[in-house]
Asks: 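Mind having a look at this structure? Questions to follow.
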Number of protein chains: 2
Amino acid sequence: MKQHANSAHRKELSVGEVAHRSGVAVSALHFYESKGLISSRRNTGNQRRYTRDVLRVVSLIKVAQRVGIPLAEIGEALATLPERRAPSADDWRRLSDHWKNRLEERIDHLVKLRDQLDGCIGCGCLSLEACPLRNPDDIAAQAGPGARLFDPHKPPDTTTSA
Amino acid sequence: MKQHANSAHRKELSVGEVAHRSGVAVSALHFYESKGLISSRRNTGNQRRYTRDVLRVVSLIKVAQRVGIPLAEIGEALATLPERRAPSADDWRRLSDHWKNRLEERIDHLVKLRDQLDGCIGCGCLSLEACPLRNPDDIAAQAGPGARLFDPHKPPDTTTSA
DNA sequence: GTACGACCTGAAGTAAGGTTGAGGTCAACA
DNA sequence: TGTTGACCTCAACCTTACTTCAGGTCGTAC
């Protein structure tokens, strides 16, 4: 740690410091930046310098990921933040509330699946026609030729919707 | 290696027929075979011919996938089946029971996460030190079925710079 | 007897979320 | 002054679960 030693009053963080403090790899921070999720300014030597706000943003990213939100969507959410600054308490409330709903949908889905599984453990039928486990609420069920069963959990995909 | 009378009696299925009846793409069936999850014999023209049992196996694979079990693990489970034949009712009971437990763990995990999120929506702290959301003690939560679904292990902390 | 669809193989592409490596810069310390 | 360690960029690679494509064969209906 030679470069960023000293200077007790420095405000900005190097990428290594952010990595260490946030528990995220340097390569991941580069990656997030390439996707526009975080940003930095460069010092005279072209090295990234972050404000402390970035720690909050990284935290938010990791939490959203735990909830199951894909990075692209997290990026969109962050893009709605005014001034592209770190999320305020209000921002956080708005985003986390939305994500909590997503999480609950996901839980509901899994609970339904569990209950179906429970009901089907005894029968062992796995019937293509009758078993609810094999009929995940139609979606793209047996349609035309080459019919494919799309995963009902997938986010709506406009290009593959049948 | 005795065959079930009724299934042996029935005509064998081509890959296209299996695809149509199971709702799985032909390419996916090829893929499952390459991974050892299903098997087929070949006719004189080198085309795959399946017994009807394969439909049960494919059903089982799809259900397990919905639960979030990776194909490799499904393959291991299928490999434990005696004679590598289609799963009997008992086999199904055993496997589905195991997978139900996995599913419940996953649900528990998400419920905990939801509760934490609930408790943290108000505070907006996202504190690296204090916020439970940022201290996932135990992770394994990933779960979006479909495309991405893996969390081999978090970056081993070292953060590339010690 | 031929056209066309279904099938075959192996390689390459796709998506998400990164990691790893090569090749090079910068700045402090002995 | 040379070594070191953090940093830089860009490209290639990784995993899972498949799909798509190119180039060739099979089978059956007309």
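All of these numbers come straight from a predicted model, not from anything done at the bench.
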Asks: For the pair made of CD1 in A:Ile69 and P in C:dA16, what is the distance, rounded to whole Å?
Replies: 14 Å
Asks: Looking at B:Val67, is its backbone amide N or carbonyl O close enough to the side chain of B:Arg106 to form a donor-acceptor pair, meaning the two atoms are under 3.5 Å apart?
Replies: yes
Asks: Can you check whether A:Ser14's main-chain N or O pairs, donor with acceptor, with A:Glu17's side chain at less than 3.5 Å?
Replies: yes
Asks: Under a 4.0 Å threshold between the charged nitrogen and the carboxylate oxygen, would A:Glu73 count as salt-bridged to A:Arg102?
Replies: yes
Asks: Answer yes or no: does a side-chain N or O of B:Gln65 lie under 4.0 Å from OP1 or OP2 of D:dC18?
Replies: yes
Asks: D:dC18 P sits how many Å from B:Ile38 CD1, rounded?
Replies: 11 Å
Asks: CD of B:Glu73 versus P of D:dT15: gap in Å, rounded?
Replies: 17 Å
Asks: Expressed in angstrom and rounded to an integer, what is the separation of B:Gln47 atom CD from C:dC7 atom P?
Replies: 7 Å
Asks: Heavy-atom nearest nucleotide on DNA chain C for A:Phe31 versus A:Thr44: which residue maps closer to 5'?
Replies: A:Phe31
Asks: Return the nearest nucleotide to the side chain of A:Val15; candidates are D:dC7, D:dC18, C:dT19.
Replies: D:dC7
Asks: In whole angstroms, how far is the P atom of C:dC7 from the CG atom of B:Leu13?
Replies: 11 Å
Asks: Considering every strand and a 4.0 Å limit on heavy-atom distances, what is the contact class for A:Arg42: base, sugar-phosphate, or nothing?
Replies: sugar-phosphate
Asks: Should B:Arg48 be listed as having a side-chain N or O under 4.0 Å from OP1 or OP2 of C:dC7?
Replies: no
Asks: Taking atom types as modelled, find out whether A:Arg66 and B:Gln116 have a side-chain donor-acceptor pair closer than 3.5 angstrom.
Replies: yes
Asks: Under 4.0 Å from OP1 or OP2 of C:dA6: is there any side-chain N or O of B:Ser14 that close?
Replies: no
Asks: Let's see if you can work this out: which of D:dT19, C:dT20, D:dA17 has an atom nearest to the side-chain heavy atoms of B:Leu71?
Replies: D:dA17
Asks: Under 4.0 Å between a side-chain N/O of A:His30 and OP1 or OP2 of D:dC8, yes or no?
Replies: yes
Asks: So what does B:Val26 touch, heavy atoms closer than 4.0 Å: a base, only the sugar-phosphate, or nothing?
Replies: nothing
Asks: Report the distance from atom CZ of B:Arg49 to atom P of C:dC7, rounded to the nearest whole Å.
Replies: 8 Å
Asks: Quick test of your reading of the model: are B:Lys100 and B:Asp97 salt-bridged, counting only N-O distances below 4.0 Å?
Replies: no
Asks: Can you check the B:Glu33 CD to D:dT19 C1' distance for me, whole Å?
Replies: 17 Å
Asks: What is the distance, rounded to the nearest whole Å, between atom CD of A:Glu76 and atom P of C:dA16?
Replies: 11 Å
Asks: Considering heavy-atom distances to DNA chain D, does B:Asn43 or B:Ile61 have its closest nucleotide positioned more toward the 5' end?
Replies: B:Ile61
Asks: For D:dC18 and B:Tyr32 - does any side-chain N or O of the residue sit under 4.0 Å from the phosphate oxygens OP1/OP2?
Replies: yes
